[in-house]
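A short write-up of the structure that comes next.
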Amino acid sequence: MDLAALYQRLYWHLGPQGWWPVQKRGRDHRFEIMVGAILTQNTAWTNVEKALANLRLSAAMNPKQIIKMPSKRLAALIRPAGYFNQKTKKLKIFSHWLVKSGGLRSLKSLPTSQLRTKLLSLWGIGPETADSILLYALERPVFVVDAYTRRLCSAAGIDAGDYGSCQRYFESRLPRSRKLFNEYHALIVAWGKLYGNKKTRGEALNLVRA
DNA sequence: CTCCAGGGGGCCA
DNA sequence: TGGCCCCATGGA
């Protein structure tokens, strides 16, 4: 089954996921999306939401506040997201880079490949987090690969290979659309939860098989 | 009690 | 490169 048809199936069965709209209630959520991408590393999203709420309530959802804030205090705010010492360091390094780069506005003019290389050079930003930031916050047409994507490929009989191979597999077989990639990745995660549940695994397998 | 979330870094062979 | 361990909370 081709990837476009697979997308249609996932969408039909799981519905729109609506991950991370850049604009919500007239506000710019790009920085929050980036923070979320870092905080959600190996962490349940429900826990990330608590940490994000703490940052918002403390008026700390911006890079300058993150930089200024003592590490102990930042760690306390993001505590529910787990790995708080490492993630405190990651958020500070990332925020420093963002401010030093001139903020979100100045990133718009940079090519995606250059941005990706820069993100990957930062301590705490690996391939999935970099691509999530590029896709969901910076709205670049980059396909995000994660453990669920591998599982789906495996279940669908697709030999996707390593991260880069898997990414190229999807990017080369789909229209290079930021909105499509956004929804597709979110649908794969939703499928992964279905697959992870013993009671619905059969349903998940049916979705990816002819 | 165990398992694992919308990973990544460090180390070692 | 590939395998392991570490990081840490909270829900199932």
Side-chain angles (χ1 to χ4, degrees), chain A residues 7 10-11 14-22 29-55 71-97 116-140 142-155 159-167 170 178-201 204:
Chain A
Y7 174 84
L10 294 174
Y11 190 88
L14 302 169
Q17 303 301 305
W19 269 24
W20 284 341
V22 166
H29 283 241
R30 286 177 297 174
F31 183 69
E32 180 167 335
I33 292 168
M34 297 178 181
V35 171
I38 291 171
L39 292 183
T40 198
Q41 290 173 358
N42 200 38
T43 300
W45 182 249
T46 50
N47 288 350
V48 176
E49 286 184 313
K50 295 171 187 171
L52 293 176
N54 287 343
L55 290 173
S71 293
K72 297 285 280 185
R73 178 163 143 72
L74 180 55
L77 291 177
I78 66 172
R79 185 177 186 279
Y83 307 106
F84 47 81
N85 289 319
Q86 292 200 14
K87 286 174 179 174
T88 291
K89 183 178 171 185
K90 293 178 184 183
L91 288 180
K92 280 191 168 283
I93 289 173
F94 177 77
S95 297
H96 268 113
W97 167 74
R116 189 172 195 274
T117 301
K118 191 59 208 177
L119 285 169
L120 288 175
S121 75
L122 300 178
W123 188 89
I125 307 288
E128 186 181 341
T129 306
D131 289 337
S132 291
I133 288 172
L134 288 170
L135 175 62
Y136 289 98
L138 301 178
E139 302 180 278
R140 308 297 175 107
V142 171
F143 201 90
V144 178
V145 174
D146 68 345
Y148 290 134
T149 314
R150 315 295 191 84
R151 263 171 247 174
L152 181 138
C153 285
S154 175
D159 181 21
D162 62 13
Y163 189 98
S165 306
C166 188
Q167 185 172 50
F170 279 83
R178 158 230 148 194
K179 290 187 178 181
L180 173 63
F181 290 178
N182 177 322
E183 191 62 25
Y184 211 145
H185 173 66
L187 282 168
I188 289 175
V189 173
W191 175 88
K193 294 179 188 303
L194 209 62
Y195 182 80
N197 185 337
K198 290 237 177 240
K199 301 187 60 167
T200 53
R201 174 163 298 181

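Below, chain A is the first sequence line, B the second, and so on; all start at residue 1.
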What residues form a salt bridge (charged side-chain N to carboxylate O under 4.0 Å, His left out) with Glu32(A), not counting sequence neighbours? Arg56(A)
Nearest-Å distance, NZ (Lys87(A)) to C1' (dG6(B))? 10 Å
Could you check whether the rings of Phe143(A) and Phe170(A) sit parallel, tilted or perpendicular, using 30° and 60° as the cut-offs? parallel
Under 3.5 Å on both distances, the Watson-Crick or G-U partner of dG9(B): dC5(C)
For Phe31(A) and Phe94(A), take the angle between the two ring planes, folded into 0 to 90°, and tell me which bin it lands in: parallel under 30, tilted 30 to 60, perpendicular over 60. parallel
Nucleotide nearest Lys50(A) when distance is taken to its side chain, options dG11(C), dG6(B), dA5(B): dG11(C)
Under the salt bridge (charged side-chain N to carboxylate O under 4.0 Å, His left out) test, residues paired with Arg79(A) that sit two or more places apart: none
Rounded to the nearest angstrom, tell me the gap between atom CG in Asn42(A) and atom P in dG11(C). 16 Å
Using a heavy-atom cut-off of under 4.0 Å over every strand shown, decide if Arg150(A) touches base, sugar-phosphate, or nothing. nothing
Using the C1' atom as the point on both nucleotides, what is the distance between dG3(C) and dG6(B), in whole Å? 24 Å
Give me the one residue out of Asp162(A), Thr149(A), Asp131(A) that meets side chain to side chain donor-acceptor pair (under 3.5 Å) with Gln167(A). Asp131(A)
side-chain N/O Lys199(A) vs dA12(C) OP1/OP2, d < 4.0 Å: no
For a quick check, with a 4.0 angstrom heavy-atom cut-off, what is the B/S/- contact string for nucleotides 8-13 of chain B, read 5' to 3'? SSS---
Whole Å only: how far is the CG atom of Asn85(A) from the C1' atom of dT9(C)? 12 Å
Between atom CG in Leu52(A) and atom P in dT9(C), what is the gap in whole Å? 17 Å
Would you kindly give the CG-to-P distance between Asn47(A) and dA5(B), to the nearest whole Å? 13 Å
Rounding to an integer number of Å, can you tell me how far Lys198(A) NZ sits from dC3(B) P? 13 Å
Look at Arg79(A) and dC7(C) and indicate whether a side-chain polar atom (N or O) is within less than 4.0 Å of OP1 or OP2. no
In whole angstroms, the gap separating P of dA12(C) from NZ of Lys193(A) amounts to 12 Å
